Amino acid sequence: MPAHDPDCQPCCEGFFCPPGITCMIPCPLGSYCPLAKLNKTTGTCDPYGYQIPPGQQNHGCGGADIWADATNSSELFCSAGSYCPTTTEKIACSSGHYCRKGFISERRKLFIIVGVSTLLIIIYNCSDQVLTTREKRKAKSREAAARHARETAQARERWKSAKDVAKKHAFGLQQQFSRTFSRRKSMKQPEHQLKIFGQSKNASETSSLGSAFSNLTKNSELPPKGKGKEPSNLTKMIKEIDDDPNSEEGFHLNIGDKHIKKQQMLKGKQLHTKSQIFKYAYGQIEKEKAMQQQNKNLTFSGVISMATDDETRKRPVIEVAFKDLTLTLKGKNKHLLRSVTGKISPGRVSAVMGPSGAGKTTFLSALAGKATGCSISGMILINGKDESILSYKKIIGFVPQDDIVHGNLTVEENLRFSARCRLAADLPKADKVLIIERVIESLGLQAVRDSLVGTVEKRGISGGQRKRVNVGLEMVMEPSLLILDEPTSGLDSSSSLLLLRALRREALEGMFDDLILLAKGGLIAYHGSVKKVEEYFSTLGIDVPERVNPPDHFIDILEGIVKPPEGLTIEQLPVRWMLHNGYPVPPDMLKLIDGLAAPSTSGLNKTGAPDGTAIDQSFAGDLWQDMVSNVKVKQDHIQHNFMSSKDLSDRITPGVLRQYRYYLGRVGKQRLREAKIQAVDYLILLLAGACLGTLAKVNDETFGVLGYTYTVIAVSLLCKIAALRSFTLDRLEYCRESAAGISSLAYFLSKDTLDHFNTIVKPLVYLSMFYFFSNPRSSFTDNYVVLLCLVYCVTGIAYVLAIYLEPGPAQLWSVLLPVVMTLIATQDRENNLVAHLADLCYPKWALEAFIIANTERYSGVWLITRCQSLMENGYDLNDWTLCLIILTLMGVLSRCIAFVCLMTKQKK
């Protein structure tokens, strides 16, 4: 170091001269280094605050003396409200701009709050208008098609009647002419007259027929003379039918015309527009009505032609036979069904009745293959073969006891989705619409087809109509076997009759053909024809009183409300039925028969103790038994969810991609109808951004750590709470659909795909307030990218909570997780365990990405402060991309976990 020059000079403007150094160092960008001025009052050099050495005449105030962090050398930084393009120039911010500490240029204020608020108001008020307008247009097309089909049906009926009358008239004229000719055989006629009346029978009939047609239709076809009035629509339709009898606009009422049916089916498959499809569907419905009217007086040839018609789609036949079927709860040895034997025949309606707790729902669940947590013994045969009923689940419908229907969809939308996903994939769209329209008409839902089903919060259709929609969801898939659990509960007599008539048309038989009467304990008291039930019970001495419904009387006896005849007990009725049909009777029930001695083992239960004297166990033994039972039940549920069986239904339903497309349409409509809730979520995000941006402004000394910490907590909490609705609101509906064979992967992907809209929009909504209130150095784009990855990550975590937990605990964990993880992520890293735990918490990576993006914009005069802050927190400027990748991978991993939970946590 050279020797000090006794002739000292002041540090130049724009430089700083640290003590002990003989050279001047240029001030960094963002600083303001003017020449200091001596403050005679304090004796310091302002603005830097250093003093001139006392007694040194050759010393004076110069430039800056030190450059350090923002806390120790704040006077070196360009002050807020001004910007310093150079280290010696300081300019005040102009109007409409803002300048923060250390700025080298001014920035324009951007206000997008008004635009976002206006957009939210539009969404809140006009969200459902798009769907409403679309449904109105579709309703007009549908009504026009129905009106056209009715007019066409009437025209064809009149045309057919006209032909019949003309034929009868022609036949009468022919007989009259023949009688006239026979009386005048000897008389000679002119040659031209002989030619006229000497025509063949067909020519005469044709001539007479043409004359008759002209007489029958002249009033409707010919306009009045002297007037230019056009013919009516009905007249035009009759002409079109006469010109082209096989046109797709109409339909033939003749039975057994295969050629016509094939042409119509071919044309029906080629329909594309909605109006054409609706015309085809309503035309077929009117045709079926006409055929049903003609079937009342159907001849033998007509029956044969219908039976041999190849174009009629036939459903596969399913016959379910069960022998000695017994269900026992695992781990508790409690019988739910016992020694149930019988058969469900195709084409017949079987009613299962019995007192409460008799096991009716359990019996139906066992037949449908839905009984889990139980050990099943006995035999269930499908079409005489020992096969799993789940192999036919694509053609088996199961209507649950509860009305599990999407409340935010209309009646038609619910039925259409079920038909799309469960009917054959190669079935033409026109035929699917025909099936839907037929079910809507048969269930009497025409008046409410465009009405929302409704939820608890929002009123919709009536309870009886909701029950019929619940049944219609299974009818639209044209099942070969339809199982209904209490379908008439809560319905009045007229609604019940309407529903049973629809079921009767499905089964092609009477109202009820067979009756299965269950007693308490899951035992059959009767199974056979409805016509023979009174005859059977009369042999037991049970007669039905006058003006009493027989099933109600028998159920009252099984319930114990009405006492059976003397010498007969309620417990003996199932045993009497077993003996009546020659079924084996369990040994412990033989004692119920008078005159029969029970075996020596009949008085012992399964534990080896006498009946009624169970072996006492300790509390620990009972607790252990309950735990083992619960484990077995859960294991059985998981095995049932993942169990796969060979498909024997011979029906190829749409694949995952097509179902995914159907799900997208359905979930999109649901989200549009819930747009007001989405708007409220966005409004809360706006308020949170404004509050946090105001209260926790970005501090340049800390690079906005506090504000970003609050941002991670607030955004995580609000986005998780909103994402919980994706899988908690329709959990029961999903369980029903997945049990019917609809793809769970398509369901999950559709929900996640539409949630990407919120993933993209919510960061924008939050930053529109937070960014312009807190004014960070980092760009809007950098903050948006970090928030995008953060929302994607927390949404996946919310999926896991929503699927695995009940709604209450899921909301609690959604609130606790962001707070707890953020506290762990912001702890000092002196402890290795805390450091490793922090690496597993997503707030650590989100906070690091925010701070890195912000500190990158601090250059020049901020370099020392930036290095100090990054070293204290353990952050690296090169890890910004790594943080985003980790957040994204956490989101992907959480979604995989959520899907596994979705498969394992189906409704028990």
Side-chain angles (χ1 to χ4, degrees), residues 322-328 333-343 350-364 378 486 488-489 511-607 609-614:
F322 40 92
K323 182 179 181 181
D324 199 21
L325 182 63
T326 302
L327 266 70
T328 307
N333 295 327
K334 180 182 178 181
H335 293 300
L336 301 180
L337 288 178
R338 194 171 188 189
S339 301
V340 176
T341 302
K343 182 175 65 173
S350 301
V352 181
M353 299 183 181
S356 178
K360 300 183 292 296
T361 301
T362 305
F363 172 66
L364 296 179
E486 298 189 14
T488 58
S489 297
M511 190 67 69
F512 284 122
D513 304 302
D514 299 325
L515 175 64
I516 301 176
L517 201 57
L518 287 177
K520 288 188 176 182
L523 296 163
I524 285 187
Y526 177 80
H527 176 25
S529 175
V530 174
K531 301 177 182 179
K532 299 181 180 180
V533 60
E534 293 186 55
E535 177 184 351
Y536 167 73
F537 278 99
S538 63
T539 60
L540 303 179
I542 301 176
D543 297 323
V544 181
E546 295 183 358
R547 298 182 180 179
V548 176
N549 190 19
D552 292 339
H553 182 67
F554 300 143
I555 291 175
D556 290 341
I557 292 177
L558 295 174
E559 186 73 39
I561 300 176
V562 178
K563 292 184 179 180
E566 187 177 354
L568 184 66
T569 61
I570 301 174
E571 293 80 6
Q572 289 178 334
L573 291 177
V575 181
R576 289 291 182 92
W577 174 253
M578 295 178 188
L579 295 176
H580 176 76
N581 291 275
Y583 299 151
V585 180
D588 58 331
M589 298 181 66
L590 292 176
K591 62 181 181 180
L592 298 175
I593 305 301
D594 294 335
L596 292 178
S600 59
T601 60
S602 63
L604 300 178
N605 54 28
K606 291 188 176 182
T607 59
D611 289 341
T613 59

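Computed from a predicted structure; not experimentally measured. Atoms considered below: every heavy atom in the structure, side chains included; atoms not considered: hydrogens, waters and symmetry mates.
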Decide yes or no on side-chain contact (heavy atoms from CB on, under 4.5 Å) for N581 and H527, but give the supporting numbers first.
CA-CA 10 Å; N581 291 275; H527 176 25; over 6 Å; no
Approximate separation, where rounding is to 0.5 Å, of [X] [atom1] and [Y] [atom2]:
X	Y	atom1	atom2	answer
N549	D556	CG	CG	10.0 Å
M353	D552	CE	CG	8.0 Å
I555	S356	CD1	OG	11.0 Å
F537	R576	CZ	CZ	12.0 Å
L337	F363	CG	CZ	7.5 Å
T328	K334	OG1	NZ	11.5 Å

Run the side-chain contact (heavy atoms from CB on, under 4.5 Å) check on H553 and I542 step by step: do they pass?
CA-CA 9 Å; H553 182 67; I542 301 176; 4.1 Å; yes
Electrostatic pair K520:E571 at N-O distance under 4.0 angstrom:
no
When the ring centroid of F554 is compared with that of Y536, is the distance short of 6.0 Å?
no
Identify the two heavy atoms, one from [X] and one from [Y], that lie closest to each other, and give their separation to 0.1 Å.
X	Y	answer
G354	K360	O-NZ, 3.2 Å
P574	A519	CG-CB, 3.9 Å
S538	D543	CB-OD1, 3.6 Å
D514	S529	OD1-CA, 3.8 Å
L518	L558	O-CD1, 3.5 Å
T326	R338	OG1-CA, 3.8 Å

Pair L573-L568, side-chain contact (heavy atoms from CB on, under 4.5 Å): steps then yes or no
CA-CA 8 Å; L573 291 177; L568 184 66; 3.7 Å; yes
Is there a side-chain contact (heavy atoms from CB on, under 4.5 Å) between I516 and V340 once you walk through the steps?
CA-CA 10 Å; I516 301 176; V340 176; over 6 Å; no
Using modelled atom types and a 3.5 Å cut-off, is there a donor and acceptor pairing between side-chain atoms of T341 and backbone atoms of D324?
yes
